[in-house]
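Taking it in order: structure first as structure tokens, then the write-up.
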Amino acid sequence: MAIFSRVVIPLKITLIIFTITLIFSPSLISSAFTPKKFKKIYAFGDSYTDTGNTHSATGPSSFNYVSNPPYGNTFFHHPTNRYSDGRLVIDFVAESLSLPFLPPYRDLKADKTYGVNFAVAGSTAIRHGFFVKNNITLNVTPQSLQTQLTWFNRFLESKGCVNSTTTPQQCEALFSDALFWVGEIGANDYAYSFASTVSPNTIQRLATRSFTGFLQALLNKGAKYVLVQGLPPTGCLTLSMYLAPDTDRDAMGCVGSANKHSILHNSIIQAQLDSFRKQFPQTVIVYADYWNAYSTVVRNPNKNGFKEVFKSCCGAGGGNLNFDIFSTCGSPSASSCPDPSQYINWDGVHLTEAMYKTMASMFLHGKYCKPPFSYLLAKKK
């Protein structure tokens, strides 16, 4: 009987301690008992979403040092071929859904159980052949949204999903619990055609047509939960400020002409999303308003913890912009600021981890998704 007592008492104490731990550790309860809303993410886009499909040798030629420090220094403490000092919006999205960071499609050894990232730095909405035909080949990578769609199709086929008719079970397994994250894309189309003979209106028409065609393909394949990011105010990027005359400024102090292109581009995309919602009523389609989220921070930088709105943290040249197109971040003559968290711009085109984190929070928890991201989560069956 004495032996039995010695066993029972510690067992009771253990149960009490475990119960108290659960009561005062809601995160433990959440991770232990709350099922994941999504089991995988498929991401698409350009360098704002790319987690490693391009390296220094394959990325845009003006930013061809992404494999060098100080890229990645803030969070990973080494370059990961992300165009930032740390995590991107898509990384914070994965974290919020309790999923691992998305591996790039080109990493053949990566575990792609929880999704794949098809985004490519320098990628365009319009096919690469258009730029070649019009002799706009400077600083252009050959990948486009069509390339990413081709990669996605190959991935599906490698998992046994040919189409929903001939391989319904295999396709259902890949689509039913997947969030499709279509990151911003189209900014490169406008940038590559800058000062060319191709008009911005032509670029806009072709880019939005390519983009909506890509979305149509995803929806036809069976995507049920889709988030689409619009373009940010591209006129607020350091590179835009560097290239445009001082007379081309809007009320925010950004390049007005570039921002007008982004606004009109986004309005066309949003109108098409409304059409898709009617065409695919069973699919949840969310628009992430990058333009207004970003511009809100530009108008209230101190409120959001930023001191430098236009100046790049990593670059060369000093002055108001600290940017030199011939000495970009990671090059021998460039250097990094001591505290990237105070900067919006990281290398002149891409954002700091702090800014990406702010954008992710505004999308996931703020009012900058239409409908709200919480609505998408609630609709997830």
Side-chain angles (χ1 to χ4, degrees), residues 37-38 40-46 48-49 89-90 93 97 115-119 123-127 144-153 155-156 161 163-165 168 171-172 174-187 189-190 203-232 261-293 363-364 367-381:
K37 280 291 185 179
F38 293 98
K40 57 184 76 72
I41 303 173
Y42 300 126
F44 308 86
D46 59 18
Y48 275 39
T49 308
V89 168
I90 190 62
V93 171
L97 296 174
V116 191
N117 194 334
F118 301 93
S123 184
T124 54
I126 304 170
R127 290 175 185 254
S144 67
L145 271 178
Q146 186 59 44
T147 307
Q148 296 178 42
L149 184 61
T150 299
W151 287 353
F152 182 54
N153 287 335
F155 171 77
L156 294 178
C161 171
N163 57 61
S164 58
T165 302
C171 292
E172 176 68 14
L174 294 170
F175 280 79
S176 61
D177 291 315
L179 171 63
F180 284 76
W181 187 277
V182 184
E184 72 93 24
I185 192 165
D189 300 71
Y190 295 100
I203 294 296
Q204 192 161 77
R205 176 172 53 83
L206 296 176
T208 52
R209 181 187 298 172
S210 297
F211 187 75
T212 53
F214 169 80
L215 289 177
Q216 178 89 55
L218 292 183
L219 295 169
N220 286 337
K221 286 179 178 298
K224 297 299 181 187
Y225 307 96
V226 182
L227 185 142
V228 177
Q229 286 183 303
L231 293 182
H261 295 319
S262 297
I263 291 172
L264 184 53
H265 180 102
N266 289 341
S267 66
I268 295 171
I269 295 301
Q270 289 182 78
Q272 186 59 55
L273 292 185
D274 286 338
S275 177
F276 283 148
R277 290 186 183 105
K278 296 174 183 176
Q279 187 178 349
F280 299 90
Q282 301 304 315
T283 299
V284 181
I285 302 174
V286 173
Y287 175 72
D289 191 349
Y290 219 133
W291 204 97
N292 279 308
F363 294 148
L364 301 178
K367 60 181 181 180
Y368 294 93
C369 275
K370 304 173 185 177
F373 191 75
S374 58
Y375 172 83
L376 184 148
L377 293 177
K379 295 291 287 185
K380 174 66 175 68
K381 297 177 181 179

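Here, residue 1 is the first one in the sequence, and each next residue gets the next number.
Listed for the T147 side chain is a donor-acceptor partner under 3.5 Å among the backbone atoms of S144. Not one N or O on the side chain of N266 forms a donor-acceptor pair closer than 3.5 Å with the backbone of D289. In this structure a side-chain-to-backbone donor-acceptor pair under 3.5 Å is missing from D189 to I203. A donor-acceptor contact shorter than 3.5 Å links the side chain of Q204 to the backbone of H261. A distance-only check finds no donor-acceptor pair linking the side chain of R127 to the backbone of Q146 [under 3.5 Å].
Rounded to the nearest 0.5 Å, atoms CZ (F276) and NZ (K278) are 13.0 Å apart. For the atom pair OG of S164 and CG of L174, the computed distance is 12.0 Å after rounding to the nearest 0.5 Å. Interatomic distance, OG1 of T165 versus CG of N163, reported as 5.0 Å (0.5 Å rounding). Between the CG atom in N220 and the CZ atom in F280 there is a gap of 4.5 Å [rounded to 0.5 Å]. Once rounded to the nearest 0.5 Å, the distance linking CH2 of W151 with CG of N117 reads 10.0 Å. Separation of atoms OG (S210) and CZ (R205) is listed at 10.0 Å; rounding is to 0.5 Å.
C161 and F175 get closest at one heavy-atom pair: SG-CE1, 4.3 Å. Residues A293 and F363 come closest through the heavy atom pair CB-CE2, 4.1 Å. Contact between A207 and A125 at its shortest, heavy atoms only, is O-CB, 3.7 Å. For the pair V286 and P371, the tightest heavy-atom approach, listed with the atom from each and the gap, is CG1-O, 3.3 Å. Nearest heavy atoms, A288 versus L227: CB-CD2, 3.8 Å. Shown here for D46 and I185, the closest heavy-atom pair between the two residues is OD2-CA, 3.8 Å.
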Any chance you could lay out the side chain to side chain donor-acceptor pair (under 3.5 Å) test for S123 and Q148, step after step, and finish with the verdict?
CA-CA 9 Å; S123 184; Q148 296 178 42; 3.1 Å; yes
Verify side chain to side chain contact (heavy atoms under 4.5 Å, CB included) between L219 and I285, making sure each step is shown before the conclusion.
CA-CA 10 Å; L219 295 169; I285 302 174; 4.2 Å; yes
May I have the step-by-step check of side chain to side chain contact (heavy atoms under 4.5 Å, CB included) for L215 and F44, ending in yes or no?
CA-CA 11 Å; L215 289 177; F44 308 86; over 6 Å; no
Go through F211 and Q272 one step at a time and tell me if the side chain to side chain contact (heavy atoms under 4.5 Å, CB included) criterion holds.
CA-CA 10 Å; F211 187 75; Q272 186 59 55; over 6 Å; no
Take K380 and D177 through the test side chain to side chain contact (heavy atoms under 4.5 Å, CB included) and record every step on the way to the result.
CA-CA 8 Å; K380 174 66 175 68; D177 291 315; 2.8 Å; yes
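Between P232 and Y48 there is a side-chain heavy-atom pair separated by less than 4.5 Å. Taking 4.5 Å as the limit, every side-chain heavy atom of I268 sits out of range of all side-chain heavy atoms of T212. Contact of the F152 side chain with the L218 side chain is registered, since non-hydrogen atoms from C-beta on lie closer than 4.5 Å. The shortest distance between side-chain heavy atoms of I41 and I90 falls below 4.5 Å. Counting heavy atoms from C-beta outward, H265 and W291 have side chains that stay 4.5 Å or more apart. A 4.5 Å side-chain heavy-atom check between Y290 and V89 finds at least one atom pair inside the cut-off. Between N153 and K221, some side-chain heavy-atom pair lies under the 4.5 Å cut-off. Within the 4.5 Å cutoff, the side chain of S262 has no heavy atoms near those of the E184 side chain.
Between Y42 and F180, the distance separating the two ring centers is shorter than 6.0 angstrom.
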